[in-house]
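One structure is given here, and the rest of the page talks about it.
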Amino acid sequence: MEAAFEHFRLWLAAFLTLGIFSFLYKDNPWYKLSEAIFVGISAGYWFVVLFWDNFFGKFWVGAGDYTMQWLASVFTGGESPSAEGVDLMLWIGAILGFLMLLRLIPKIGWLSRWPLAFIVGATAGLWLINYIASNVMVQVQATMVPLFSTVFGAGFDAGSGVIIGGLVIFLGTFSGLVYFFFSKAHTGAFGTTARVGVFFLMITFGASFGYTVMSRMSLLIGRIDYLLGDWLGMIK
Amino acid sequence: MRPDFSNASIVFRHCYLSVVLALIFTLTISLSLFAQEEAAPVDSLAVDSLALADTPLPPTNIVAEDQPHDGGGAITVTWDASPDDFPGGKVKGYKIFRAEYNGGQPGEFTEVGDVPAGKPEYSNEDGNTTDGVLYVYKIAALNRAYGADGDLLEYLSDSQQSGPVTSSAQWFHMPRINVLVAVVLLSFFIVYFIQKAKTGKELYIRRIAGMEAVDEAVGRATEMGKKIFYITGLGDMDNMQTIASMTILGRVAELAAEYETYLDVPVCRSLVMVTGREVVKESYSKAGRPDAFKPDQVHYLTDDQFGYAAAVDGMFVREEPATIFYMGQFFAESLILAETGNSIGAIQIAGTAMPAQLPFFVAACDYTLIGEELFAASAYLSKEPKLLGSLKGQDIGKGVILLALIIGVLLESFGVWQLSNLFMVK
């Protein structure tokens, strides 16, 4: 029975994989079927994952269950439950989540904007510090390298490779930053520097393109390996 | 009998035999070492041969301190290395033991970690100590060797005990004061220019090609009588790129409402769907067409990356939109989507701050907003004083950085001063 199920699983996965690949030819019923199964199952899967991870795993285990037991003890006069491991702050998230559901009641649906405002505002505030630290400070520090020496204060001991490398880093960062100036017209020397910045960006994109395409090939190889190996057994 | 070396061939044969024997010997030794290496347990600490099987001398001067500049829950322990801790010495690592300290007496010591030889420092950065509880530490030097029967033997030294210590949280991370200065400085520039913009001073903003093409792209869809698709990417509402995308969606929706062109926004995050609906609804109202808004215009597909890509691809080829916008955070699905959009001949405008995905959009789309252009686009489209002032303030911040770069590189190059240390984030 188990072997039969395993065979069925292999054939189903191969059928759906080939269905998705068939899109390379053109849109067709086989692709539509595979797409609908993929979208439907993944949406359901993520609902289950988020429910058990967030609602149950975090809120219910961390605060909801305790609160229910505490309320029961208050009304029945029983013993209060242990508060060990309980985090009542989780109720804030639960209330904000509940407010989202108020969209279903048009009269008070406007309350669902509060959790959205909270998320957007909190995100902006939190990321401000992180972005300045990682995208500004660290970048600037990494760009301020001595051009003519291998380390600071070592005199003029650098070879041509180090000098060229340092110049490329400095010019690339400098001109790239000039390109991202929005409140000044890109004309004259400023515009020329910005154009140099665009060249640096495009060269970087070209290198990144090739690198990423190669890494994407591993996804294709994974599927081919499944079809020819697991399914057809042509490769071991 | 002494060998006769007068004959060259005999000499050669002797040499040849010696080399072969040497090779066999080396190979045998290598294989035996390899076999021993294979048998060794997977551990960060090394194992020694039988010759050094002995208990090492203990480390001294064990000092346990609260880890500074943290949120609590961490203690750092340092010690003077064992005299046997040197390359090739007996010490293969240190084991760290901890006990709670109550009533002037330590409780039972339990092992909490280990560090390799030559690194006389340990910190429980996972924050597994309780603030306010006193702890004491012991550090034992460890030697490991194989016994005659091949068993792994461990030799642990004695250990002094550290003084009692407790972990605690600090309000400020003092070594990061430079980040605070940068934030305050940037905030000052932004607030100053917002105030200036509010007084009515006109602030210039340069042309952003991708945004200038928005009107043309929406107009094209209207002329062709086809849909517009707006893809918000995989980011949720806690992502700055998605937030920027929502602002641009507002402008696109307003134009679509004015031109009476259907706008379709398939999303893969529930919060983005809710926010997107609010934004599109407001834009339709602003354009004087609240009746034309349909909540289903912004609809959820799936949270799964490739499930979402497969569904959107299918919609592209079936509905053949005239215009497609990709604004937000994208990952591996960027090229799958942009290439399909390109194949159906849609005009495509993309914007993302994901460096790895930008090349694909540049290659497959008509216009691409690169990195910060995505964030600047909202100010560009709305011309709101607040956003324009913010953009100007950020530009001044960039100017300060450019100046610092020039001065810093010159000072470092001529060995005058390491200005880069001011930007170090600890």
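Letters go in sequence order (proteins before strands), and every chain restarts at 1.
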Using 30° and 60° as the class boundaries, would you call the ring planes of Phe414(B) and Phe156(A) parallel, tilted or perpendicular?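 Phe414(B) and Phe156(A): perpendicular rings.
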Atom group of [X] that falls short of 4.5 Å from chain B, counting heavy atoms:
X         : value
Phe23(A)  : side chain
Lys32(A)  : both
Val49(A)  : neither
Tyr131(A) : side chain
Val120(A) : both
Leu147(A) : both

Chain A contacts, top residue of [options] (heavy-atom pairs, under 4.5 Å):
options                                    : answer
Glu373(B), Gln357(B), Arg277(B)            : Glu373(B)
Thr340(B), Ile396(B), Ile406(B), Leu301(B) : Ile406(B)
Val183(B), Asn178(B), Val274(B)            : Val274(B)
Thr242(B), Leu271(B), Leu335(B)            : Leu271(B)
Ala376(B), Gly408(B), Ala310(B)            : Ala310(B)
Ile205(B), Val317(B), Leu402(B)            : Leu402(B)

Count the heavy atoms of every other residue, nucleotide or ligand shown that sit under 6.0 Å from [atom1] of [X], and state whether that count exceeds 12.
X         : atom1 : value
Phe51(A)  : CZ    : yes
Lys386(B) : NZ    : no
Met174(B) : CE    : no
Phe190(A) : CZ    : yes
Phe172(B) : CZ    : no

Hey, does the side chain of Tyr308(B) reach the backbone of Val39(A) with a donor-acceptor pair shorter than 3.5 angstrom?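 No, because the side chain of Tyr308(B) does not come within donor-acceptor range (under 3.5 Å) of the backbone of Val39(A).
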Please report the interatomic distance [atom1]([X]) to [atom2]([Y]), rounded to the nearest 0.5 Å.
X         : Y         : atom1 : atom2 : result
Ser183(A) : Leu391(B) : OG    : CG    : 6.5 Å
Thr275(B) : Leu116(A) : OG1   : CG    : 4.0 Å
Leu128(A) : Met240(B) : CG    : CE    : 9.0 Å
Asp304(B) : Phe38(A)  : CG    : CZ    : 4.5 Å
Asp313(B) : Asp27(A)  : CG    : CG    : 9.5 Å
Asp395(B) : Lys184(A) : CG    : NZ    : 11.0 Å

For side-chain contact (heavy atoms from CB on, under 4.5 Å), just list the numbers for Phe205(A) and Ile370(B), CA-CA rounded to whole Å, side-chain angles, deciding distance to a tenth of an Å, and then say yes or no. CA-CA 11 Å; Phe205(A) 289 162; Ile370(B) 301 168; 3.9 Å; yes
Non-hydrogen side-chain atoms of Met237(B) and Thr123(A) separated by less than 4.5 Å: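 Side chain of Met237(B) against side chain of Thr123(A), heavy atoms only: no contact under 4.5 Å found.
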Contact part of [X] toward chain A, heavy-atom cut-off under 4.5 Å: side chain, backbone, both or neither?
X         : answer
Ala379(B) : neither
Leu411(B) : backbone
Tyr380(B) : neither
Val362(B) : side chain
Ala311(B) : both

Residues which pass ring-ring contact (aromatic ring centres under 6.0 Å, His included) with His299(B), listed by chain and number, not counting sequence neighbours: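 In terms of ring-ring contact (aromatic ring centres under 6.0 Å, His included), with neighbours along the sequence ignored, His299(B) is linked to no residue.
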Would you name the heavy atoms of Pro355(B) and Ser208(A) that are closest together and state the gap between them?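 Smallest heavy-atom distance, with atoms named: O-OG, 4.1 Å.
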Which residues in residues 167-181 of chain A have any heavy atom closer than 4.5 Å to a heavy atom of chain B?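 Those residues of residues 167-181 of chain A which have a heavy atom under 4.5 Å from chain B are Phe170(A), Thr173(A), Phe174(A), Leu177(A), Val178(A), Tyr179(A), Phe180(A), Phe181(A).
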Chain B contacts, top residue of Phe209(A), Phe182(A), Tyr211(A) (heavy-atom pairs, under 4.5 Å):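 The answer is Phe182(A).
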Based on non-hydrogen pairs under 4.5 Å, which of Trp127(A), Tyr45(A), Phe152(A) is most in contact with chain B?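 Of Trp127(A), Tyr45(A), Phe152(A), Phe152(A) has the most heavy-atom pairs under 4.5 Å with chain B.
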Table please: side-chain donor-acceptor pairs of residues 416-426 of chain B below 3.5 Å, with sequence neighbours left out.
residue	atom	partner	partner atom	Å
Ser420(B)	OG	Glu412(B)	OE2	2.7

Summary of salt bridge (charged side-chain N to carboxylate O under 4.0 Å, His left out) pairs that have at least one residue in residues 111-131 of chain A, sequence neighbours excluded: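 For residues 111-131 of chain A: Arg113(A)-Glu278(B).
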Walk me through whether Val409(B) and Val145(A) qualify under side-chain contact (heavy atoms from CB on, under 4.5 Å). CA-CA 6 Å; Val409(B) 168; Val145(A) 288; 5.9 Å; no
